Amino acid sequence: MQILDGKLAAQAIKDGLKISATQRVIEGKKAPHLAAILVGNNGASETYVAAKVKACEETGFKSTLIRMEEDFSEYKLLEKIESLNQDPDVDGILVQLPLPKHISDKKVINAIDPGKDVDGFHPVSVGKMVEGIPTFLPATPYGIMLLLEHYKIETKGKHAVVLGRSNIVGRPISILLSGSGNPGNCTVTICHSHTKDLSSICQQGDIIVAAIGIPEFVKVDMIKPGAVVIDVGITRVADPSKKSGFRLRGDVDFDAVSPNCSWITPVPGGVGPMTIAALLKNTFNSCIQKN
Ligand code: GUN
């Protein structure tokens, strides 16, 4: 078994972006600028957004973090997005999900200028992705594709089994893996909560992408020996022995599954850092397209 080290691959991408961003500034051009909006006090979201902002700083990008109280109105959030749409200095806008219940994800995502939609969630971005037209790809699936590319994992003709059909991971990664690029050209099966015989479908997978958010759901008897396993899960599980009071668990039973597969992503340090590297790549590309 070999580790798909997302920390290492993400660092290589960030190093490249830092050189390019620094070069832009030396030439008197603006640095790429990401604006992130965080509504409420969801602990996991706070951590993710802080990591995104820190990555911007480390890469020579500008970042603006806009924090809003849990009871902030949907209307005011839409107004804020519109002002960021109009701001010529801002290249990328992301609104961290999930949002409080009184705010519609769909309305918020639709309000972002597709030209600044570095999360790739806007219907225009999704439509282009489905058509294979260059666009901002959603950060987590894009990060997975970059990780497969980094480690030169052969995907052509392989059977990829995706667990989960979310708009953020499951659906888009299915589209990308079945696309005609490299990585790509997979035969893809999407499984979800109504899938029958899940275990036997997983056993047919040369590549497994687990994105369901149930800690250690994927057991060793569900995996074909030698499979490539991508674990997108990152759930906080109570652990009183930790200072934080929790530890992070993926969707895959890593200890049992890892000896049986060819490649596997750890949690943490696998898909998570790649998501951030992909977001930075999108922000950089947005900046060079606009300027
Ligand atoms: N919540 C979980 N993943 C993501 C992501 O990639 N982007 C945003 N904006 N929110 C998320």
Side-chain angles (χ1 to χ4, degrees), residues 6 10 13 34-56 63-68 70 72 74 77-78 80-81 84-85 90-101 103-114 116-126 129 135-147 162 164-176 209-214 230-236 248-251 265 267-268 270-283 285-286:
I13 292 168
L34 175 70
I37 302 179
L38 176 60
V39 187
N41 305 302
N42 178 311
S45 292
E46 298 240 7
T47 309
Y48 299 147
V49 172
K52 291 171 186 180
V53 167
K54 183 164 166 257
C56 282
S63 66
T64 303
L65 172 56
I66 299 147
R67 301 191 60 121
M68 294 166 173
E70 182 82 21
F72 203 81
E74 182 184 87
L77 174 56
L78 295 173
K80 184 70 214 172
I81 292 169
L84 295 171
N85 285 343
V90 171
D91 302 300
I93 303 168
L94 84 79
V95 181
Q96 188 66 25
L97 303 177
L99 287 165
K101 286 204 168 51
I103 300 178
S104 153
D105 291 8
K106 276 200 165 59
K107 269 195 206 166
V108 167
I109 290 166
N110 276 303
I112 296 171
D113 174 352
K116 297 188 178 187
D117 175 37
V118 288
D119 252 334
F121 294 163
H122 193 284
V124 168
S125 309
V126 177
M129 175 183 65
T135 186
F136 299 119
L137 299 176
T140 301
Y142 186 23
I144 294 170
M145 299 299 273
L146 291 170
L147 190 60
V162 175
R165 55 179 164 181
S166 72
N167 289 340
I168 295 181
V169 187
R171 278 181 207 281
I173 194 65
S174 308
I175 290 161
L176 296 175
V209 180
I212 47 176
I214 304 175
I230 310 288
D231 189 349
V232 186
I234 184 157
T235 307
R236 292 177 168 197
L248 297 174
R249 275 287 168 257
D251 288 353
T265 59
V267 176
V271 174
M274 293 306 295
T275 297
I276 294 181
L279 174 70
L280 295 179
K281 254 177 106 76
N282 279 344
T283 306
N285 289 338
S286 175

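Counting starts at 1 for both ligands and their atoms, in listed order. Since the structure is predicted, the reported quantities are computational estimates derived from the model, not experimental observations.
Atom OH of residue Tyr142 and atom OG1 of residue Thr135 lie 11.0 Å apart, to the nearest 0.5 angstrom. Taken to the nearest 0.5 Å, the CG atom of Asp251 stands 5.0 Å off from the CD1 atom of Ile212. Note: Leu38 CG to Tyr48 OH = 12.5 Å, rounded to the nearest 0.5 Å. Atom CE in Met68 sits 5.0 Å away from atom CG in Leu77 (nearest 0.5 Å).
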Check residues 91-101 and write down every donor-acceptor pair under 3.5 Å in which the side-chain atom is one partner and the other belongs to a residue at least two apart or another chain.
from: Asp91; atom 1: OD1; to: Lys30; atom 2: NZ; distance (Å): 3.4
from: Asp91; atom 1: OD2; to: Lys30; atom 2: NZ; distance (Å): 2.5
from: Asp91; atom 1: OD2; to: His33; atom 2: N; distance (Å): 2.8
from: Gln96; atom 1: OE1; to: Lys52; atom 2: NZ; distance (Å): 2.8

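When non-hydrogen atoms are compared, ligand 1 lies under 4.0 Å from neither the backbone nor the side chain of Leu279. Using a 4.0 Å cut-off between heavy atoms, Tyr48 makes no contact with ligand 1 at all.
Here Ser45 pairs with nothing under the side-chain hydrogen bond (donor to acceptor under 3.5 Å, both in side chains) rule; sequence neighbours left out.
For ligand 1, the atoms sitting less than 4.0 Å from at least one non-hydrogen atom of Val95 are 8 (C), 9 (N), numbered in the order shown with element in parentheses.
Checking only distances, Ile168 never comes within under 3.5 Å of ligand 1, N or O to N or O. In terms of polar-atom proximity, defined here as any N/O pair under 3.5 Å, Asp119 does make such a contact with ligand 1. By the 3.5 Å distance cut-off applied to N or O atoms, Leu97 is counted among the residues near ligand 1.
Closest to atom 4 (C) of ligand 1, if we only count protein heavy atoms, is Gln96 NE2, 4.0 Å.
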